[in-house]
There are 2 protein chains.
Amino acid sequence: MIQIDLDLKVKFLRAFGDKTRVQILECIKYEEKTVSQIVDSLDGNQSNISQHLACLRGCGIIEGRQEGKYVYYGLRNQQIKELLGTFDHVLSQIQDDVACCENHIS
Amino acid sequence: MIQIDLDLKVKFLRAFGDKTRVQILECIKYEEKTVSQIVDSLDGNQSNISQHLACLRGCGIIEGRQEGKYVYYGLRNQQIKELLGTFDHVLSQIQDDVACCENHIS
DNA sequence: TTATCATATTAGCTATAACTAATATGTGTG
DNA sequence: CACACATATTAGTTATAGCTAATATGATAA
């Protein structure tokens with residue numbers, strides 16, 4: 001039985017619940033990318049993406065590495081990558097349920 | 001390579017990013033409970049908990065079953081239960097990283 | 001049927017997350 | 001050094017999620 005700090009857990013999980021951040025994660029899932037590459041891929045603005053990157057980094061989900069004038073971002077570790085895979089796997093099984101119900105708070 | 005609708009995925013993941021909902025999930029992780037039992041456990045108010053239950057239900061994470069005048073809520077299936085386990089497992093490995101960084105958007 | 005209890009829903013308010021625009025920092029290059 | 005480019009940060013605004021209080025629905029039991 002693992003004991004996890006509740007606030008920490010919520011902070012971590014909340015990071016996955018945003019469209020832009022999910023797109024960033026998909027973008028760097030297989031290889032690290034520079035901020036500009038991510039901005040281009042998502043067709044977003046630099047400031048916004050940078051803030052989301054800071055969020056993901058702050059939650060221990062990604063990490064950045066400076067190389068010359070670029071900063072490369074990638075998934076923090078293998079567990080995170082597997083977690084992303086698990087999301088897709090679980091969702092592929094229940095997505096019809098998620099889609100059909102509109103009866104929710106948010 | 002699994003293909004998942006992005007909006008659906010975000011909707012699903014967002015459901016896990018709230019303190020009250022995480023507590024509800026922990027509360028019914030091992031056995032289904034009535035709404036009143038959940039309200040008592042969390043020391044929350046009935047309306048609020050009910051709305052969060054609707055959210056979780058709408059996202060395909062839990063399901064409700066009426067029995068007499070009570071409604072019992074439980075995790076929707078085994079995959080969800082495993083997913084909750086995976087969260088704890090991943091977090092137990094990286095929680096120091098999550099804790100140390102404050103540099104994020106939310 | 002009326003009363004009671006359990007749960008759901010609604011409306012309005014508050015709090016927080018996300019976006020935009022502007023500016024700052026930091027790194028390499030002429 | 002000055003300049004250009006990459007990224008980060010900040011302040012202010014907008015959008016959205018969550019809360020509270022009140023009310024509605026739906027089930028059972030007297």
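Proteins get letters first, then strands, A, B, ... in listed order; numbering begins at 1 in each.
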Could you tell me whether the side chain of A:Tyr73 reaches within less than 4.5 Å of the side chain of A:Arg65, counting heavy atoms only? no

Specify the separation, in whole Å, of atom CD1 of A:Ile24 and atom P of D:dA8. 11 Å

Check the distance between C:dA15's P and B:Asp18's CG and give it to me in whole angstrom. 16 Å

Length of the line joining A:Asn45:CG and D:dT7:P, which is rounded to integer Å: 14 Å

If only side-chain N and O atoms of B:His52 are considered, is one of them under 4.0 Å from the OP1 or OP2 phosphate oxygen of D:dA17? no

Starting at CD1 of A:Ile49 and ending at P of C:dA21, how long is that distance when rounded to a whole Å? 15 Å

Between D:dT16 (C1') and A:Lys19 (NZ): distance, integer Å: 15 Å

Check: D:dA27 base within 3.5 Å donor-acceptor of B:Gln66 side chain: no

Step by step, would you call A:Asp7 with A:Arg14 a salt bridge (Lys or Arg N to Asp or Glu O under 4.0 Å)? CA-CA 10 Å; A:Asp7 289 319; A:Arg14 181 172 298 150; over 6 Å; no

Heavy-atom closest pair (B:Gln93 atom, A:Gln79 atom, distance to 0.1 Å) is OE1-CG, 2.8 Å

Any B:Ile38 side-chain heavy atom under 4.5 Å of B:Lys33 side chain: yes

Is the shortest side-chain N/O distance from B:Thr20 to OP1 or OP2 of D:dC19 below 4.0 Å? yes

Write down the distance between CD (A:Gln37) and C1' (D:dC5), rounded to a whole number of angstrom. 15 Å

It should be established whether A:Asn48 places a side-chain nitrogen or oxygen under 4.0 Å from OP1 or OP2 of nucleotide C:dA18. no

For D:dT7, take OP1 and OP2 only and decide whether either is under 4.0 Å from a side-chain N or O of A:Tyr72. no

OP1 or OP2 of C:dT16 sitting under 4.0 Å from any side-chain N/O of A:Arg14? no

Taking the side chain of A:Val71 as its heavy atoms from C-beta onward, which of C:dT10, D:dA27, D:dA8 lies nearest to it? D:dA8

Integer-rounded Å distance: C:dT25 P and A:Gln46 CD: 15 Å

Before accepting this row, confirm whether a basic side-chain N of the pair A:Glu26/A:Arg21 lies closer than 4.0 Å to the acidic partner's carboxylate O. no

Considering just the side-chain nitrogens and oxygens of A:Arg21, establish if one lies under 4.0 Å of OP1 or OP2 belonging to C:dA18. yes

Whole-Å gap separating P (C:dA18) and CD (A:Gln23): 13 Å

Quick one: does A:Gln51 reach the base of D:dT7 with a side-chain donor-acceptor pair under 3.5 Å? no

So, is A:Tyr70 near the phosphate of D:dA8, with a side-chain N or O under 4.0 Å from OP1 or OP2? no

Which of D:dT20, C:dT20, C:dA8 is nearest the side chain of B:Tyr73? It is C:dA8

Side-chain atoms of B:Lys69 come closest, of C:dA6, C:dT10, C:dA8, to C:dA6

Hey, does the side-chain of A:Ser47 have a donor or acceptor N/O within less than 3.5 Å of a partner on the base of D:dT9? yes

For B:Ile49 against B:Leu42, the heavy-atom pair lying closest together: CD1-CD1, 3.8 Å

